[in-house]
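Note that these values count all heavy atoms, side chains included, but never hydrogens, waters or copies made by symmetry. All figures in this text were calculated on a predicted structure; none of them were measured in a lab.
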Amino acid sequence: MSQTAQSKGKPGQRGRGPPVYGSGPPGGAKGGDRPRRPRREPEEEVWIPKTILGQKVASGEISSLEEIIESGLRIQESGIIKKLLPDLKSEVVDVGIIQKMTSNGQSTRFKAIVAAGNENGYLGIGQGKSKQMRIAIEKATSQAFLNVNPIKLGCGSWECRCDQKHSVPFKVKGKGGSVTIEIIPAPRGLGLVAGGKIKRLLELAGLKDAWTTAKGSTPTMNSTSKAILDCLRQTFSQG
């Protein structure tokens, strides 16, 4: 037996044996025992009203969105909507790329469409553009909060005739660009008869049962979202 083999077999010798995989770092410390860095949560910005309407909302003088609409005031701060509707949530509907040829070369920008609703009679849709996708989504979210409108829910189906707010109170029709959408009240339990993205927008508005018909280039979400918002606005204005 060689001297190298004897040195490996004797305990207490400094000879280095074959590597053992999966034993963890030297010293016996395991990876789970290491202290982890605490996760930094995003800080919420404190809303400071800059307009007279914002100051009235912050002080509690105006407590509902309907008061603002009936008085004909213009909402210029998204913090007003967040204050009046704390349960409002936003969702990205569509993200696209805009390419334009300029004298300096090809310019690429991002376009985002965001919907904001509380699934209980309020919906807003906004659009934002920027060279960065994150900034485009932030702009669209802020615009969606500014475009939030109340929606009148009810039961307009002759097959149901209940007193619950699960559909639209009457048939409405809206147009956006080349897209025309019609929403027809349906009996309770039927569900939403609509496409994927259109169905999600109606769910954010608070509708549970409805028939829909669409004409035009419905994959163009910019026109489709405007048509849906035009439909739902009529429930409050006409009702």
Contact between [X] and [Y] at the side-chain level, heavy atoms closer than 4.5 Å - yes or no?
X      : Y      : value
Phe110 : Ile97  : yes
Glu182 : Lys171 : yes
Lys111 : Arg109 : no
Pro150 : Ile69  : yes

Going only through I, L, V, M, F, W and Y residues with side-chain contacts under 4.5 Å, is there a path from [X] to [Y]?
X      : Y      : value
Leu146 : Ile68  : yes
Val114 : Ile80  : no
Leu73  : Val57  : yes
Ile137 : Met221 : no
Leu65  : Leu53  : yes

Original post:
In terms of side-chain heavy atoms, does Thr220 have a donor or acceptor partner in Ser223 at a distance below 3.5 Å?
Top reply: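 Short answer, no.
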Should the heavy atoms of other residues, nucleotides or ligands under 6.0 Å from [atom1] of [X] be counted, would the total exceed 12?
X      : atom1 : value
Arg188 : CZ    : no
Lys83  : NZ    : no
Asp163 : CG    : no

When you measure from the side chain of [X] to the backbone N and O of [Y], does any donor-acceptor pair fall under 3.5 Å?
X      : Y      : value
Ser167 : Ala210 : no
Thr235 : Leu232 : yes
Gln234 : Lys173 : yes

With sequence neighbours left out, the residues meeting salt bridge (charged side-chain N to carboxylate O under 4.0 Å, His left out) with Asp209 are none
Those residues at least two apart in sequence (or on a different chain) that pass side chain to side chain donor-acceptor pair (under 3.5 Å) with Glu77 are Trp47, Thr51
Ionic contact status for Glu119 with Arg200, cut-off 4.0 Å
yes
**Prompt:** Under the criterion side-chain contact (heavy atoms from CB on, under 4.5 Å), which of Gln99, Lys100, Lys131 is the partner of Thr108?
**Reply:**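 Testing each of Gln99, Lys100, Lys131 against Thr108, the sole residue satisfying side-chain contact (heavy atoms from CB on, under 4.5 Å) is Gln99.
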